Amino acid sequence: MSVHSAVPMEANQVPLVEVRDLVKRYPSGTTALKGVSFQVSVEDFIVIIGCSGAGKSTLLRCLNRLLKPTSGQVLLLGEDISTVSSAKLQRVRRRVGMIFQQFHLVPRLTVLENVLAGRLRFQSAPVPHTLSLARIFPKRDKELAFRCLQEVGIEHLALQRADTLSGGQQQRVAIARVLAQEPEVILADEPIASLDPRSASTVMNLLRQIHERKGIPVLVNLHHLDFVRRYAGRILGMQNGRLVYDGPPSLLEAELVERIYQGSCDVAWEELPACA
Ligand SMILES: Nc1ncnc2c1ncn2[C@@H]1O[C@H](COP(=O)(O)OP(=O)(O)OP(=O)(O)O)[C@@H](O)[C@H]1O
């Protein structure tokens, strides 16, 4: 099936990220990505949709090199990061911030220390496990981490242990940690899947504000289609490892939505639940 591209990128827009013919085959033999291509500019707030197993997480993990693509390219400001050596991976991951469904915080550390962890990849020497993170970082890093907490509205929790926070608060810490990395692009893999609707809205609003204020493109995998409709500036629709739609929500036709969800939905796009 060819990609249904509603809005091609204009010739004068410089893509911040360019994905070319990306293929990912797992050792099990499953081909999760079958030649995916698209470009991302600073204006993009992209939501990736598709049924379970369509390849959404695999795509994001190839973009920050948590996974090495089998073939194809991922260009970050022109640099091909799909083939960089393991020695250079730290630098790539610093440039590409990642937010996960399960927050991935260090439970026994304070909120501030978790955010400072976003600066760890800037440290040239390894950090001894016995040291308090807050002690080894320079003052300017601590000030930056505190500002990041202010940006997500939880600076009053800075000295609290991460495991005493609610899920919504923990996801805000994870966002602050990504901000402390000063990334060029933010990826979020189902960031609201474990949250109640109110916390989910807070997290999505924060991602949108960060995108608008800082001009950082965001790519987010979402299962909740009501949130897709509320937040997506552009949708990438995936089906069975292929990109089948690339364009604004307004031009995504019901027929294509049905194809993306493999005919498993017989309700209107406006009413679609997340597919099972
Ligand atoms: N580590 C792995 N080893 C082997 N196969 C995998 C691995 N991770 C994912 N897959 C397979 O690759 C395909 C794409 O999976 P992926 O997790 O990227 O899909 P997804 O769209 O993110 O699904 P979900 O919405 O359920 O998270 C699926 O068939 C899945 O079973």
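The residues of the chain are indexed from 1 along the displayed sequence. Remember, it's 1-based here, ligands and their atoms both numbered in the order they're listed. What you see below is based on every heavy atom in this structure, not just the backbone, and it leaves out hydrogens, waters and symmetry mates. Please read all numbers here as calculations on a predicted model, not as lab measurements.
The shortest heavy-atom distance from Arg61 to ligand 1 is not under 4.0 Å. Ligand 1 has Cys51 within reach: a non-hydrogen atom of the residue lies less than 4.0 Å from it. The closest approach between Met238 and ligand 1 stays at or above 4.0 Å for every heavy atom of the residue. At least one heavy atom of Gly55 sits less than 4.0 Å from an atom of ligand 1.
In Ser28, the part holding a heavy atom less than 4.0 Å from any atom of ligand 1 is the side chain.
For atom 14 (C) of ligand 1, the closest non-hydrogen atom on the protein side is Gly53 O, 3.4 Å. The single protein non-hydrogen atom nearest to atom 1 (N) of ligand 1 is Tyr26 CE2, 3.6 Å, given as residue, atom name and distance. Of the protein's non-hydrogen atoms, Ser57 CB, 3.8 Å is the one closest to atom 17 (O) of ligand 1. The shortest contact between atom 21 (O) of ligand 1 and any protein heavy atom is with Lys56 NZ, 2.8 Å. Here the heavy atom of the protein found nearest to atom 18 (O) of ligand 1 is Thr58 OG1, 2.5 Å.
Closer than 4.0 Å to atom 12 (O) of ligand 1 lies at least one heavy atom of the protein. Protein heavy atoms are absent from the 4.0 Å sphere centred on atom 30 (C) of ligand 1.
Side-chain contact, Glu18 with Gln39: a donor N or O sits under 3.5 Å from an acceptor N or O. Side-chain contact, Ser37 with Asp21: no donor N or O sits under 3.5 Å from an acceptor N or O.
Atom numbering of ligand 1 starts at 1 in the shown order; those under 4.0 Å from a heavy atom of Thr30 are 11 (C), 12 (O), 29 (O). Atom numbering of ligand 1 starts at 1 in the shown order; those under 4.0 Å from a heavy atom of Glu190 are 24 (P), 25 (O), 27 (O). For ligand 1, the atoms closer than 4.0 angstrom to any heavy atom of Ala32 are 12 (O), 13 (C), 14 (C). Ligand-side atoms of ligand 1 in range of Ser52: 23 (O), 24 (P), 25 (O), 26 (O), range being under 4.0 angstrom from any heavy atom.
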### Message
Please evaluate residues Gln73 and Ser82 with respect to the criterion side-chain hydrogen bond (donor to acceptor under 3.5 Å, both in side chains), reporting the C-alpha separation (whole Å), side-chain torsions for both, the decisive distance (0.1 Å), and the verdict.
### Response
CA-CA 6 Å; Gln73 290 181 309; Ser82 54; 5.9 Å; no
### Evaluation steps, salt bridge (Lys or Arg N to Asp or Glu O under 4.0 Å), between Asp196 and Arg198
CA-CA 6 Å; Asp196 62 84; Arg198 199 165 155 200; over 6 Å; no
#### Entry: Residues Arg234, Asp246; criterion salt bridge (Lys or Arg N to Asp or Glu O under 4.0 Å); working and verdict
CA-CA 7 Å; Arg234 174 179 166 196; Asp246 180 358; 2.7 Å; yes
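Of all non-hydrogen atoms in Pro183 and Ile216, the two that sit nearest each other are O-CD1, 3.8 Å. Shortest non-hydrogen contact noted between Arg230 and Ser201 is NH2-OG, 3.0 Å. Minimum heavy-atom separation, Gln169 to Ile154: O-CD1, 3.9 Å.
Only one option out of Thr31, Thr58, Thr70 pairs with Tyr26 in a side chain to side chain donor-acceptor pair (under 3.5 Å); it is Thr58.
Of the possible polar contacts, none joining the Asn221 side chain to the Glu190 backbone as a donor-acceptor pair under 3.5 Å is found.
Between Glu143 and Arg147 no salt bridge is recorded (no basic side-chain N to carboxylate O distance below 4.0 Å).
No N or O atom of Asn221 sits closer than 3.5 Å to an N or O atom of ligand 1.
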